[in-house]
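What follows is a set of notes on a single structure, which appears directly below.
Position 1 is the first residue of the sequence, and the numbers go up from there. Treat the numbers as computed from the prediction; the structure is a model and nothing was measured.
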Amino acid sequence: MKTLLTIALIIIGFGAFAQTSTTPDTQYVYCEVVGTEKLLSTKVNIVVDFGDRLKWFADNRMKDEKTGKPIVFNSMVDALNYMGKQGWVLAQAYPVTIQNQNVYHFLLKRSVDSLSEEEKSHVAKND
């Protein structure tokens, strides 16, 4: 009986210890990565929505900061790895099929504490 009680207490102790992964007051900013397959290609076009007002007919694809050209990713996982290197973490993913074409949606989050001062001012401006 004592052995059973000891095992139960150990299991309860591990469960209580594992639930403290983040603090409840952690604040996040979010973005949505939307990927569509390129016509006659295995690569994908990526649009990242940071909550800014997007222009309807503008080219809103993710662009290289140096060249200004759209970044073409090999796959959605390639795009996710790119965003992960910038500190973004996957929160949710779901596909939507529109006229036999898959449109992939990734919701990513990033701790406000990990933002640069420039990024924090941009977020504050959009509030």
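The same ILVMFWY cluster, assembled from side-chain heavy atoms under 4.5 Å apart, contains both V96 and V34. In the hydrophobic clustering of this structure, I71 groups with F50; members are Ile, Leu, Val, Met, Phe, Trp, Tyr whose side-chain heavy atoms approach within less than 4.5 Å, directly or through other members. Under the 4.5 Å side-chain heavy-atom criterion for ILVMFWY residues, no single connected hydrophobic cluster contains both L39 and V72. Hydrophobic clustering (ILVMFWY, side-chain heavy atoms < 4.5 Å, transitive): M83 and L90 are in one cluster.
C31 approaches L107 most closely through the heavy-atom pair O-CD1, 3.4 Å. Across G87 and R110, no two heavy atoms sit closer than the pair O-CG, 3.5 Å. When all heavy atoms of M76 and I46 are compared, the pair lying nearest together is SD-CD1, 3.6 Å. Nearest heavy-atom pair across Q101 and E37 is NE2-O, 3.2 Å. Summarising the geometry of D78 relative to N74, their closest heavy-atom pair is OD2-N, 3.0 Å, with the distance given to 0.1 Å. When every heavy atom of P95 is checked against every heavy atom of Y104, the shortest pair comes out as CB-CD2, 4.0 Å.
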Inset, instruction - For the pair V33 and L108, evaluate side chain to side chain contact (heavy atoms under 4.5 Å, CB included) and give the outcome as yes or no after the intermediate values. - result: CA-CA 8 Å; V33 176; L108 306 175; 3.5 Å; yes
Inset, instruction - Using the side chain to side chain contact (heavy atoms under 4.5 Å, CB included) rule, take T26 and S111 through it: C-alpha gap first, then chi angles, then the decisive distance, then the call. - result: CA-CA 7 Å; T26 302; S111 170; 4.3 Å; yes
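The distance from the CD atom of Q86 to the CG atom of N81 is 11.5 Å, given to the nearest 0.5 Å. To the nearest 0.5 Å, the span separating CE on M62 from CG on D49 amounts to 11.0 Å. Distance check: L80 CG to K85 NZ gives 11.5 Å after rounding to the nearest 0.5 Å. In this structure, F106 CZ and W88 CH2 are separated by 15.0 Å, a value rounded to the nearest 0.5 Å.
Put simply, the side chain of K69 does not reach to within 4.5 Å of the side chain of K63, judged on heavy atoms.
Using modelled atom types, one finds a donor on one side chain and an acceptor on the other under 3.5 Å when comparing N102 with T97. No side-chain donor from either of N45 and K38 sits under 3.5 Å from a side-chain acceptor of the other.
No more than 12 heavy atoms of other residues, nucleotides or ligands shown are found within 6.0 angstrom of CD on Q27.
A cation-pi arrangement is present between K109 and Y28, with the terminal nitrogen or guanidinium carbon under 6.0 Å from the aromatic centre and inside a 45° cone about the axis.
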